[in-house]
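Worksheet: the structure to be examined is printed underneath.
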Amino acid sequence: MKLKLVEVREEAKGTLSFFWKPERPVSYIAGQFFYFTLPSLKYPDPKGATRHFTLSSSPTEGEILRSTTRIREESGYKKTLNKLSMGSVIEGEGPNGTFLLDENEKGAFVFLAGGIGITPFRSMMKFATDKKLPVPMHLIYSNSIPEEIAFRAEIDQLSKTNPHIKVDMTISKPEESSQKWEGLTGRIDENLIRKLVPDVSVPIFMVAGPPAMVDAVEQILGKLGLPAGRVRSEKFTGY
């Protein structure tokens with residue numbers, strides 16, 4: 001289907017959201033992704049003109065679809081995407097994916113996000129809040145520096161609006177930031193999980209982020225004795 005670009009918004013350092021108006025209404029579940037195909041590439045990219053991005057929007061937010069990504073200089077696709085003029089039309093296909101929030105599932109959930117892996121969780125938390133679902137959600141979100149925290153204000157607001165949402169953010173390279181960081185530091189590791197999740201036997205863990213981060217966290221959760229059925233993951237390749 002055709003998707004028309006109607007807004008671009010900076011979410012964090014190097015991270016942009018693109019808002020698309022589809023030619024017809026799209027029914028999707030929070031956490032699913034879409035394929036986005038550009039008409040042509042202004043910059044060469046060996047992987048071609050199609051990528052898939054999780055919809056960071058929630059189904060409760062109306063017809064406009066929101067995709068969020070980190071713009072990387074080494075990606076001809078993303079450089080071309082960043083140069084699209086307002087009103088540009090591209091091709092979209094979806095929704096796809098099983099990394100999602102079923103509103104009939106009671107939880108509780110622990111969301112472990114690294115970098116741009118926050119996108120499905122932004123969708124899920126917004127959906128649960130708008131639908132007033134009594135589902136406990138604990139977001140643990142890791143970034144290198146505070147400037148890279150995507151949806152920071154939105155996440156703070158969701159945690160204030162929804163009593164079922166708890167948020168912890170950790171920064172792995174605070175020394176590289178111009179901002180003072182007084183919160184948690186370090187990557188998402190076994191010590192951090194044990195510190196923030198007193199009883200790991202209770203929640204369902206959902207992990208999203210760069211492949212190396214997801215692999216490492218999966219190994220940690222396995223070491224903690226979680227059965228595979230209580231760990232769900234989605235790897236975000238950097239393109």
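Starting from 1, each residue takes its place in the sequence as its number. The basis for the numbers below is simple: all heavy atoms, side chains too, and nothing from hydrogens, waters or symmetry mates.
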Do [X] and [Y] sit within salt-bridge range, that is, some charged N less than 4.0 Å from a carboxylate O?
| X | Y | value |
| --- | --- | --- |
| R232 | E105 | yes |
| D215 | K235 | yes |
| R122 | E61 | yes |

Would you say that [X] contacts [Y] through its side chain, given a criterion of any heavy-atom pair below 4.5 Å between the two side chains?
| X | Y | value |
| --- | --- | --- |
| I145 | Q179 | no |
| L184 | I140 | no |
| I171 | N143 | yes |
| F121 | I155 | no |
| L5 | M86 | yes |
| K166 | M137 | no |
| W20 | I90 | yes |
| K42 | K79 | no |

Minimum heavy-atom distance [X]-[Y], with the two atoms named:
| X | Y | result |
| --- | --- | --- |
| G114 | P210 | O-CD, 3.5 Å |
| Y141 | A150 | OH-N, 3.2 Å |
| V214 | E234 | CG2-O, 3.6 Å |
| H164 | V135 | CB-O, 3.4 Å |

- [ ] May I have the step-by-step check of side-chain contact (heavy atoms from CB on, under 4.5 Å) for K2 and E91, ending in yes or no?
- [x] CA-CA 5 Å; K2 297 190 183 306; E91 288 293 327; 3.0 Å; yes
Which value, rounded to the nearest 0.5 Å, describes the distance between [X] atom [atom1] and [Y] atom [atom2]?
| X | Y | atom1 | atom2 | result |
| --- | --- | --- | --- | --- |
| L158 | T129 | CG | OG1 | 4.5 Å |
| K78 | L41 | NZ | CG | 13.5 Å |
| I165 | D156 | CD1 | CG | 11.5 Å |

TODO: Could you give me the CA-CA distance, side-chain angles and deciding distance for L224 and E190, then say whether side-chain contact (heavy atoms from CB on, under 4.5 Å) is met?
DONE: CA-CA 8 Å; L224 291 175; E190 181 179 349; 3.9 Å; yes
TODO: Name the orientation class of the two ring planes belonging to F53 and Y77 (parallel below 30°, tilted from 30 to 60°, perpendicular beyond 60°).
DONE: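 Plane angle between 30° and 60°, so tilted.
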TODO: Please work out which of the three classes, parallel, tilted or perpendicular, describes the rings of F34 and F36, given edges at 30° and 60°.
DONE: tilted
- [ ] Check whether more than 12 heavy atoms from other residues, nucleotides or ligands sit under 6.0 Å from atom CZ of R187, and answer yes or no.
- [x] no
According to a hydrophobic-cluster definition based on side-chain heavy atoms being under 4.5 Å apart (Ile, Leu, Val, Met, Phe, Trp, Tyr only), do [X] and [Y] belong together?
| X | Y | value |
| --- | --- | --- |
| F205 | I188 | yes |
| L55 | L3 | yes |
| F19 | L65 | no |

Is the backbone N or O of [Y] less than 3.5 Å from a side-chain atom of [X], with the two atoms forming a donor-acceptor pair by type?
| X | Y | value |
| --- | --- | --- |
| R70 | A12 | no |
| S56 | R66 | yes |
| S177 | P174 | no |
| T170 | G186 | yes |
| Y35 | N96 | no |

Open item on the list: Pairing donors with acceptors under 3.5 angstrom, does anything connect the side chains of T15 and E148?
Closed with: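 Side-chain D/A pair, T15 to E148: absent.
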- [ ] For the residue pair E218 and S233, confirm or rule out a side-chain donor-acceptor distance under 3.5 Å.
- [x] yes
TODO: Starting from the C-alpha separation in whole Å, work towards a yes-or-no answer on side-chain contact (heavy atoms from CB on, under 4.5 Å) for L81 and R51.
DONE: CA-CA 11 Å; L81 176 66; R51 295 291 187 280; over 6 Å; no
Task: Audit row: I118, F111, side-chain contact (heavy atoms from CB on, under 4.5 Å) steps and yes/no - done: CA-CA 9 Å; I118 188 63; F111 298 151; over 6 Å; no
Open item on the list: Applying side chain to side chain donor-acceptor pair (under 3.5 Å) to E147 and S178, what does each step give before you reach the verdict?
Closed with: CA-CA 9 Å; E147 292 91 332; S178 59; 3.1 Å; yes
